[in-house]
Each structure stands twice: as C-alpha cells, then as structure tokens.
Q: 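One structure is given below, represented as structure tokens, and several questions about it will come after.
Counting starts at 1 for both ligands and their atoms, following the listed order.
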Amino acid sequence: MESLHKRILEEGKALSENVLKVDSFLNHQVDPDLMYEMGTYFKKYFEAHKITKIFTIESSGIAPSVMTAMQMNLPMVILKKQSSKILKGDVYQTTVHSFTKDMNYELTLQKKYINEDDNILIIDDFLANGEAALGAARLVEGAGAKVGGIGIVIEKSFQPGPQLLKEKGYDVYSLARIAKLGKGNIEFVK
Ligand code: G4P
C-alpha cells in the first residue's frame with residue numbers, strides 16, 4: 001500500500017533494529033483516512049474468502065478493523081487482553097506471551113460472539129513474533145470456527161511471525177512488509 005509506505009518513511013522512527021514507532025498515524029494518534037484506505041485493501045484481498053466476522057486484538061488493531069468491517073459489511077469483535085483467567089464458563093481464553101513487551105495476558109472472547117459456522121478474518125496492527133495472531137487463531141479454532149485469513153498493517157518480515165503463520169497454513173496479507181530496521185533506516189521487502 002503505497003500511501004502507508006510513504007507515511008512509514010516520513011513519520012516512522014526505527015527505535016532499534018526491532019521496533020518501529022508509528023505513533024503519529026496508527027498507535028497513538030490515528031489517521032482515519034489512512035485507516036479507511038487500509039479497509040479498501042483488506043476488502044479487496046479477502047472479498048472472495050467468504051468471511052463472516054472480523055476479529056481484532058485490542059487496542060491498535062481496532063481502527064483498521066472497524067474500517068474494514070464497515071466496507072465488508074461485517075460484524076467486528078474485539079478480543080480483550082485480561083490480566084488473569086476468568087473462571088466463569090461463558091468465555092474462551094488463551095494465554096499469549098508478548099516478546100516485545102515481555103509479559104503474558106489472557107486473550108479473551110465471549111462465547112456468544114462466535115459459532116462453528118464462522119469464518120474469521122483476524123486483523124492486527126503489527127506482526128512481530130506472531131504470538132497475538134496465533135492466540136487469536138487458537139481462540140477461533142477452539143470454538144470450532146475457521147480462520148479465513150489474517151490481515152496485518154505492518155509486518156516485520158525479519159521476525160519469526162510471518163513465517164510461522166504461513167507454515168501453519170494461514171493466508172497472511174500485510175499492507176507493508178519491513179525487511180530491515182536500523183536507527184534512522186527503514187527498508188521494505190522488495
Ligand atoms: P506478536 O504478537 O507478533 O508476537 O508481537 P508482540 O507480542 O511481540 O507485540 C506486542 C505488542 O507490541 C503489540 O501491541 C504489537 O502490536 C506491538 N509491536 C510489536 N512490534 C512493534 C513495533 O515494531 N512497533 C510498534 N509500534 N509496536 C510493535 P499491543 O501490546 O497489542 O498494544 P496495542 O498497541 O495494540 O494496544
């Protein structure tokens with residue numbers, strides 16, 4: 001997505017070889033026009049996948065997801081990050097480890113928002129180690145539903161997530177794919 005590449009180059013800051021800061025349009029301030037355009041790209045790619053619902057992981061995945069859900073005319077569900085297990089039986093939960101933040105959380109979904117006939121598109125802002133996307137996929141499949149695809153805004157192609165998800169057979173579509181980060185240097189996959 002050309003306009004996303006441009007914004008990453010103009011406003012993104014590589015804080016290290018692993019972390020890209022894009023607070024001015026995605027993670028803190030949000031650019032609605034850019035989010036809408038992301039929605040048009042995700043819609044175009046996943047249109048023929050017979051998706052029934054869009055799932056995202058709070059919080060930065062919400063903006064691109066809602067724009068995609070609106071354009072695909074689908075419901076959207078936010079998977080919550082709880083700090084501990086909920087002992088009532090009305091939720092699905094799975095433990096996710098964040099390498100970037102060095103912490104665990106319980107990814108949580110109310111059972112009433114999924115059923116066995118669902119074919120879910122998972123959308124998230126970053127793909128790094130793939131733990132969040134894999135956690136979301138575990139929840140979906142644990143409920144007996146299918147993962148129809150995974151849409152990512154910024155994939156760090158040099159980290160393990162993209163390969164891991166593809167090896168598991170998921171159809172991953174990323175709007176920007178970063179090959180290399182270094183202080184003051186951002187390179188996209190050619
Ligand atoms: P993974 O799911 O691919 O394994 O990634 P990881 O757990 O390592 O990522 C944890 C959090 O850090 C996620 O946000 C993810 O979006 C974010 N993240 C990972 N790499 C980068 C990066 O290079 N730049 C930025 N800005 N964020 C990155 P989160 O905890 O879910 O927070 P939220 O922003 O969605 O609330």
Side-chain angles (χ1 to χ4, degrees), residues 1 4-5 7-32 34-35 38-39 42 54-69 76-84 93-109 120-141 147 149-189:
M1 182 177 153
L4 176 61
H5 282 199
R7 293 293 286 275
I8 291 171
L9 290 177
E10 283 173 3
E11 298 172 36
K13 287 191 179 63
L15 296 185
S16 65
E17 287 177 1
N18 286 316
V19 178
L20 173 68
K21 206 168 164 69
V22 284
D23 273 3
S24 63
F25 60 87
L26 181 61
N27 292 129
H28 195 10
Q29 177 170 257
V30 171
D31 180 336
L34 191 69
M35 300 300 130
M38 290 173 188
F42 285 135
I54 296 180
F55 278 16
T56 192
I57 300 148
E58 64 176 347
S59 58
S60 297
I62 296 173
S65 298
V66 79
M67 291 299 189
T68 308
M76 184 196 120
V77 176
I78 302 164
L79 302 178
K80 308 270 192 167
K81 292 174 187 160
Q82 308 279 358
S83 53
S84 59
Q93 283 191 313
T94 187
T95 306
V96 172
H97 177 71
S98 166
F99 286 99
T100 306
K101 298 193 174 170
D102 193 22
M103 58 173 284
N104 286 345
Y105 57 87
E106 299 296 325
L107 200 61
T108 303
L109 165 67
I120 306 289
L121 170 58
I122 296 167
I123 291 184
D124 207 2
D125 59 333
F126 269 93
L127 175 57
N129 292 286
E131 293 296 319
L134 284 171
R138 275 199 303 280
L139 284 186
V140 169
E141 288 162 357
V147 175
I150 299 178
I152 298 292
V153 176
I154 302 175
E155 166 188 310
K156 290 186 288 180
S157 306
F158 57 90
Q159 290 190 321
Q163 187 63 22
L164 209 61
L165 296 183
K166 281 167 202 163
E167 275 168 14
K168 289 190 178 286
Y170 297 117
D171 188 349
V172 181
Y173 174 61
S174 304
L175 302 181
R177 296 168 67 216
I178 294 180
K180 197 162 183 252
L181 284 178
K183 276 228 151 89
N185 178 43
I186 302 168
E187 289 173 31
F188 294 107
V189 174

Q: Just which atoms of ligand 1 are under 4.0 Å from any heavy atom in Glu58?
A: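 In order of numbering, the contacting atoms are 31 (O), 35 (O).
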
Q: Give the C-alpha distance, both sets of side-chain angles, the deciding distance and a yes or no for side-chain hydrogen bond (donor to acceptor under 3.5 Å, both in side chains) between Ser24 and Gln29.
A: CA-CA 5 Å; Ser24 63; Gln29 177 170 257; 5.4 Å; no

Q: Quick one: nearest non-hydrogen protein atom to atom 21 (C) of ligand 1, plus distance?
A: Lys156 NZ, 3.3 Å

Q: Give me the atom names and distance for the closest heavy-atom approach of Lys156 to Asn18.
A: NZ-O, 2.7 Å

Q: Within the structure, is a non-hydrogen atom of Gly61 found at a distance of less than 4.0 Å from ligand 1?
A: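 In this structure, Gly61 fails to qualify as a contact of ligand 1 - no heavy atom is under 4.0 Å.
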
Q: Closer than 3.5 angstrom, by distance alone: can the side chain of Ser174 be matched with the main-chain N or O of Arg177 as a donor-acceptor pair?
A: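 Absent.
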
Q: Nearest to atom 2 (O) of ligand 1, what protein heavy atom do you find, and at what distance?
A: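 Answer, as residue, atom name and distance: Ala132 N, 2.9 Å.
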
Q: What part of Asn27, side chain from CB on, backbone N/CA/C/O, both or neither, has a heavy atom under 4.0 Å from ligand 1?
A: side chain

Q: Just need the protein heavy atom nearest to atom 16 (O) of ligand 1, so name the residue and atom and give the distance.
A: Asp125 OD1, 3.2 Å

Q: Does ligand 1 have any atom sitting under 4.0 Å from a heavy atom of Asn18?
A: yes

Q: Do you know which two heavy atoms are closest between Ser59 and Lys81, and how far apart they sit?
A: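 In this case the closest contact between Ser59 and Lys81 is N-NZ, 4.3 Å.
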
Q: Without swapping roles, check the side chain of Thr94 against the backbone of Gly135 for a donor-acceptor pair under 3.5 Å.
A: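 A pair under 3.5 Å: no.
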
Q: Among protein heavy atoms, which sits nearest to atom 10 (C) of ligand 1, and what does the distance come to when rounded to 0.1 Å?
A: Ser98 OG, 3.1 Å

Q: Do any N/O atoms on Val19 end up under 3.5 angstrom from N/O atoms on ligand 1?
A: no

Q: So which protein heavy atom does atom 19 (C) of ligand 1 come closest to, and at what separation?
A: Thr100 OG1, 3.6 Å

Q: Can you list the atoms of ligand 1 that are under 4.0 Å from a heavy atom of Lys81?
A: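 Near Lys81, meaning under 4.0 Å from one of its heavy atoms, ligand 1 has 29 (P), 30 (O), 31 (O), 32 (O).
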
Q: So, are Asp23 and Lys13 salt-bridged, with charged N and O less than 4.0 Å apart?
A: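 So Asp23 does not pair with Lys13 through a salt bridge.
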
Q: To check your reading of the model: name the closest protein heavy atom to atom 15 (C) of ligand 1, its residue, and the distance in Å.
A: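 Minimum-distance protein heavy atom for atom 15 (C) of ligand 1 reads Phe126 CB, 4.1 Å.
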
Q: Quick check: does Gly130 get an N/O under 3.5 Å from an N/O on ligand 1?
A: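 Indeed, backbone or side chain, Gly130 has an N or O that close.
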
Q: Looking at ligand 1, does any of its N/O atoms fall within less than 3.5 Å of an N/O of Asn129?
A: yes

Q: Yes or no: does Gln159 have any heavy atom under 4.0 Å from an atom of ligand 1?
A: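 It does not, in that no heavy atom of Gln159 comes within the 4.0 Å cut-off of ligand 1.
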
Q: To check you understand the geometry: which heavy-atom pair defines the closest contact between Ala137 and Ile122, and what is its length?
A: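 The answer is N-CD1, 3.7 Å.
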
Q: Show your working on salt bridge (Lys or Arg N to Asp or Glu O under 4.0 Å) between Arg7 and Asp31 and close with a plain yes or no.
A: CA-CA 10 Å; Arg7 293 293 286 275; Asp31 180 336; 2.7 Å; yes

Q: Considering the heavy atoms of Glu131, write down every atom of ligand 1 situated less than 4.0 Å from one of them.
A: 1 (P), 2 (O), 3 (O), 4 (O)

Q: Which ligand 1 atoms are under 4.0 Å away from a heavy-atom of Ser60?
A: 33 (P), 34 (O), 35 (O), 36 (O)

Q: Would you say Asn185 and Glu187 are linked by a side-chain donor-acceptor pair, where the criterion is simply a distance under 3.5 Å?
A: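 Short answer, yes.
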
Q: Are any non-hydrogen protein atoms located under 4.0 Å from atom 28 (C) of ligand 1?
A: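 Answer yes: something from the protein, a heavy atom, is under 4.0 Å.
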
Q: Checking Glu106 against Thr95: is there a side-chain donor and acceptor pair closer than 3.5 Å?
A: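 There is such a pair (donor and acceptor under 3.5 Å, judged by atom type) between the side chains of Thr95 and Glu106.
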
Q: Looking at atom 5 (O) of ligand 1, what's its closest protein heavy atom, distance included?
A: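 Residue, atom and distance for the closest contact: Ala128 CB, 3.5 Å.
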
Q: Could a heavy atom of Ile57 be found less than 4.0 Å from some atom of ligand 1?
A: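 The answer is no, since Ile57 has no heavy atom less than 4.0 Å from ligand 1.
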
Q: Of all heavy-atom pairs between Ile152 and Phe126, which one has the smallest distance, and what is that distance?
A: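 Residues Ile152 and Phe126, closest heavy atoms: CG2-C, 4.2 Å.
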
Q: Do Val19 and Leu181 touch side chain to side chain, with heavy atoms closer than 4.5 Å?
A: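 When only atoms from C-beta onward are counted, Leu181 and Val19 do not touch, as no gap falls below 4.5 Å.
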
Q: Which atoms form the tightest heavy-atom contact between Ser157 and Pro162, and what is the distance?
A: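 That would be CA-CG, 4.0 Å.
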
Q: Give me the nearest non-hydrogen protein atom to atom 32 (O) of ligand 1 as residue plus atom name, then the distance to 0.1 Å.
A: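 Closest protein heavy atom to atom 32 (O) of ligand 1: Lys101 NZ, 3.3 Å.
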
